[in-house]
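The structure under discussion appears below in the form of structure tokens.
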There are 2 protein chains.
Amino acid sequence: MPLNERKRQILRAITNDYIDTAEPVGSRTIARRYGLGVSPATIRNEMADLEEDGYLQQPHTSAGRIPSDKGYRFYVDALMDPEELSVEEIRKIREALRAEHRQMEELVHGSARLLALLSQYTSIVVAPDLRFGAIRRLQLIPLDEWHVLLVLVVDPGFVQSRIVETLRPLQLHEIARMNHFFSQRLSGLMVADIGSSLVGEMRAEVNDEVLMTEALNLLARGLRDIKKENVFLDGTIHLFNQPEFRDINKVKVLLNVLDDEKMLWDLLSDAFISGIQVTIGRENQHEGFQDCSLVTASYEIDGQVVGKVGVIGPTRMDYERVVTIVECIAMNLSELLSDARRH
Amino acid sequence: MPLNERKRQILRAITNDYIDTAEPVGSRTIARRYGLGVSPATIRNEMADLEEDGYLQQPHTSAGRIPSDKGYRFYVDALMDPEELSVEEIRKIREALRAEHRQMEELVHGSARLLALLSQYTSIVVAPDLRFGAIRRLQLIPLDEWHVLLVLVVDPGFVQSRIVETLRPLQLHEIARMNHFFSQRLSGLMVADIGSSLVGEMRAEVNDEVLMTEALNLLARGLRDIKKENVFLDGTIHLFNQPEFRDINKVKVLLNVLDDEKMLWDLLSDAFISGIQVTIGRENQHEGFQDCSLVTASYEIDGQVVGKVGVIGPTRMDYERVVTIVECIAMNLSELLSDARRH
DNA sequence: GGTTAGCACTCACTTGATTGGAGTGCTAAC
DNA sequence: GTTAGCACTCCAATCAAGTGAGTGCTAACC
């Protein structure tokens with residue numbers, strides 16, 4: 001049952017209109033507002049077919065039609081006409097992001113803010129997992145007799161630090177030796193790589209067993225709770241502008257999901273596929289998320305997918321606009337991150 | 001018009017009941033539920049007086065009474081009986097906070113989470129302004145030819161770092177000299193103190209004019225955008241459990257305020273008075289906040305007020321419980337922060 | 001055979017009237 | 001000063017009728 005051209009036009013018209021107005025769309029409206037050159041009765045016949053095929057549904061008998069999940073899916077895959085951003089808009093996005101391009105955490109965080117602002121939906125950004133980036137610098141800064149600050153810088157400039165208590169008081173020159181050693185042996189590796197094999201190797205290489213034990217101990221404890229799930233959320237407030245969330249209980253369920261970093265995480269991380277992805281309504285398994293859609297794109301550093309940006313909204317989402325914006329931000333983010341690496 | 005004992009009892013009963021049920025309280029309810037030994041009619045007379053004096057108000061003629069802002073004020077100041085926390089509960093709070101007592105940012109953030117969890121309202125915590133804490137460490141870490149990481153550690157262990165671009169490529173030994181110099185001259189000062197007088201002094205002291213210029217430049221740019229308003233919010237979701245926010249528009253207004261760090265900031269910072277503070281309804285000037293109350297307490301490091309913790313809820317808030325919890329968390333936070341300083 | 005006008009029908013939503021109940025204020029008696 | 005009794009007010013829930021948007025079906029049209 002491939003859809004003929006007129007059915008496609010009608011499905012497109014209904015979807016666009018519903019996205020716009022949030023009201024079920026009737027045959028008269030279509031005939032009047034979108035000049036298809038046929039009468040409401042004809043449209044009614046086509047609509048009945050589309051409903052039979054599962055693309056449309058009716059909230060109740062005497063109401064207009066709204067797209068089903070399948071309808072949206074077809075719309076997204078085949079019907080919609082993604083909005084083009086003007087050069088000016090693209091420039092603005094670029095500028096806005098570039099403003100904080102030195103501090104990587106803020107760049108990522110800023111992407112979330114910008115995405116929410118532009119899309120007027122809730123945005124979500126997963127920051128790169130620092131355990132899988134190349135260590136640029138790993139250094140201890142002495143604080144006092146019993147404490148050091150472990151500073152980790154991961155390409156292209158993500159910084160994390162932890163205060164670690166030492167097992168015994170350390171002399172400055174001991175810390176210096178550790179630092180020298182770290183910079184010799186760890187630069188370019190990944191945190192995830194600092195496994196037991198390397199540890200053994202390091203131990204063999206340095207003659208000061210005691211010092212090495214202490215060093216590795218510090219490292220282990222300092223790196224143990226490096227944040228691995230780093231999810232930024234922004235623009236939750238936009239949820240409240242959607243008529244589908246006028247019911248406070250729906251919002252509550254949704255916010256409960258959004259509040260839980262872990263849930264968010266497996267909402268997004270299912271596949272770090274490169275490119276743009278749209279998940280519609282029930283395609284999403286997650287409880288309480290079945291009236292929502294998710295538009296995500298991955299971003300990369302030097303061709304390697306490291307994170308995702310996305311937008312959450314009702315299934316009745318302005319896909320044409322959102323897809324474009326998400327794509328644009330992911331691209332810019334990739335560029336800025338890759339650029340930063342090169343300097 | 002000092003309230004006699006019976007009037008106080010009635011006001012207290014009405015307030016407690018209303019806090020509990022969110023329904024206007026009638027004379028019969030009071031007579032039945034709180035054994036004052038008088039009939040509803042008598043209570044009605046007293047209620048009429050209390051309304052005349054502004055302690056109570058009536059949503060409409062044929063409804064029960066609810067406390068006015070003035071009523072709540074009197075309740076908070078003179079009537080309520082703050083809940084005692086059990087030793088067990090206090091221990092739990094202490095433990096929960098101690099779990100992250102090394103990383104100060106997380107300690108502060110954790111306080112917000114805990115406060116929201118325990119109070120079941122929205123919590124807010126203002127972190128110390130790093131510009132006014134004693135510098136424990138200020139150090140540059142070389143990243144590459146053109147970039148260094150400026151790491152700032154402020155007592156008792158707040159860490160911030162910024163990547164700064166250098167004006168010219170720096171040699172490692174130059175950075176080492178800068179670091180030596182920083183640690184000699186800046187330890188114990190406040191960021192806010194690094195003003196022009198000190199700069200002049202430093203310049204005079206070191207003979208390498210070029211290097212110093214570079215160093216001060218780095219410092220200036222790195223410290224310029226140290227976060228000064230650092231506000232943590234948690235438990236916004238609890239707002240939705242309050243019947244007064246069943247109307248989506250009220251929530252929207254409120255969330256708009258809470259979303260704006262700056263607004264939050266001047267909501268709290270009006271006075272860094274030590275001790276607990278309760279702001280009720282219209283006592284709060286802030287637009288859209290006039291149906292809310294705010295219970296805050298300041299916390300200290302070594303006797304010096306550095307920040308605030310607080311709870312936001314409807315004026316119909318469970319003051320007896322909230323006051324106790326806020327107080328307890330502020331106290332524990334103070335202790336942990338001061339402790340950390342001592343080690 | 002596809003298209004369309006016409007028409008009966010469905011169903012949510014609005015409006016207005018009715019009712020029940022919770023609560024009050026007032027008065028008169030205790 | 002306290003209380004029982006009573007008339008009164010007003011909200012909230014319920015119901016019936018009317019309205020209007022939209023449909024499906026049929027029969028006529030091109």
Side-chain angles (χ1 to χ4, degrees), chain A residues 1-11 13-15 17-18 20-68 71 243-244 246-247, chain B residues 1-11 13-15 17-18 20-68 71 243-244 246-247:
Chain A
M1 36 136 200
L3 301 186
N4 63 31
E5 182 53 24
R6 193 169 64 191
K7 281 203 172 58
R8 288 163 161 255
Q9 281 183 347
I10 290 175
L11 180 53
I14 290 177
T15 311
D17 203 82
Y18 185 60
D20 234 46
T21 64
E23 297 288 331
V25 190
S27 52
R28 251 177 69 90
T29 312
I30 298 295
R32 216 176 339 119
R33 217 171 305 183
Y34 306 80
L36 301 187
V38 290
S39 77
T42 308
I43 294 177
R44 274 207 291 284
N45 289 330
E46 298 285 45
M47 279 162 85
D49 290 354
L50 284 168
E51 181 169 2
E52 181 132 354
D53 290 349
Y55 294 100
L56 293 180
Q57 57 194 45
Q58 241 178 333
H60 55 85
T61 8
S62 69
R65 305 297 211 294
I66 65 177
S68 65
E244 25 272 282
R246 215 166 329 137
D247 176 15
Chain B
M1 36 131 203
L3 301 185
N4 63 32
E5 184 53 25
R6 195 168 63 192
K7 281 203 173 62
R8 287 163 160 255
Q9 281 183 349
I10 290 174
L11 181 53
I14 290 176
T15 310
D17 204 81
Y18 184 61
D20 233 44
T21 64
E23 297 288 332
V25 189
S27 51
R28 252 177 67 91
T29 313
I30 297 295
R32 217 177 337 119
R33 217 171 306 184
Y34 306 80
L36 301 189
V38 289
S39 76
T42 309
I43 293 178
R44 274 207 292 284
N45 289 329
E46 298 285 43
M47 280 161 85
D49 290 353
L50 283 169
E51 183 170 0
E52 180 132 357
D53 290 349
Y55 293 100
L56 295 178
Q57 57 194 47
Q58 241 179 331
H60 54 86
T61 8
S62 70
R65 305 298 212 291
I66 65 177
S68 65
E244 25 271 282
R246 215 166 329 137
D247 175 16

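What's counted below: heavy atoms across the whole structure, side chains too, no hydrogens, waters or symmetry copies. Within every chain, numbering begins at 1; the chains are lettered A, B, ... in the order of the sequence lines, protein sequences first and strands thereafter.
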Could you give the distance from CG (Leu50(B)) to CZ (Arg8(B)), rounded to the nearest 0.5 Å?
11.5 Å
Of all heavy-atom pairs linking Ser68(A) and Gly54(A), the shortest is OG-O, 2.5 Å
In whole Å, what is the span from the NZ atom of Lys7(A) to the C1' atom of dT3(C)?
14 Å
Tell me: CD of Glu23(B) to P of dG21(C), nearest whole Å?
17 Å
Quick one: what's the B/S/- string for nucleotides 24-30 of chain D, heavy-atom cutoff under 4.0 Å, read 5' to 3'?
B------
Any protein N or O atoms within reach of nucleotides 17-19 of chain C? Criterion: under 3.5 Å, listing atom names and distances.
none

State, yes or no, whether a side-chain contact exists between Val38(A) and Glu46(A) at a heavy-atom distance under 4.5 Å.
no
Sequence-distant partners of Thr61(B), side-chain contact (heavy atoms from CB on, under 4.5 Å), two or more places apart
none
Calculate the interatomic distance between Arg6(A) atom CZ and dG1(C) atom C1'; express it in whole Å.
12 Å
Figure out the CD/P separation between Gln57(A) and dG22(D), and round it to whole Å.
17 Å
Nearest-nucleotide pick for Ser27(B), side chain only, options being dA4(D), dT4(C), dT24(C)
dT24(C)
List the residues meeting side chain to side chain donor-acceptor pair (under 3.5 Å) with Thr15(A), not counting sequence neighbours, and say none if there are none.
none
Base-pair string, DNA chain C, Watson-Crick plus G-U, cut-off 3.5 Å on both distances, | for inter-strand, is ||||||||||||||||||||||||||||||
Length of the line joining Leu36(A):CG and dG2(C):P, which is rounded to integer Å:
18 Å
If you compare all heavy atoms of Arg65(A) against all heavy atoms of Ala48(A), which two are closest, and at what distance to 0.1 Å?
NH2-CA, 3.7 Å
Rounded to the nearest Å, what distance is computed from the CD1 atom of residue Ile66(A) to the P atom of nucleotide dG22(D)?
14 Å
Without decimals, in angstroms, what is the distance between Leu56(A) CG and dT23(D) C1'?
14 Å
Hey, what are the protein-to-nucleotides 11-19 of chain D N/O distances that come in under 3.5 Å?
none

Heavy-atom pair with the smallest gap, counting every atom of Pro67(B) and Tyr18(B)
CD-CD2, 3.6 Å
Nearest whole angstrom, please: distance from the C1' of dT2(D) to the CG of Asp49(B).
14 Å
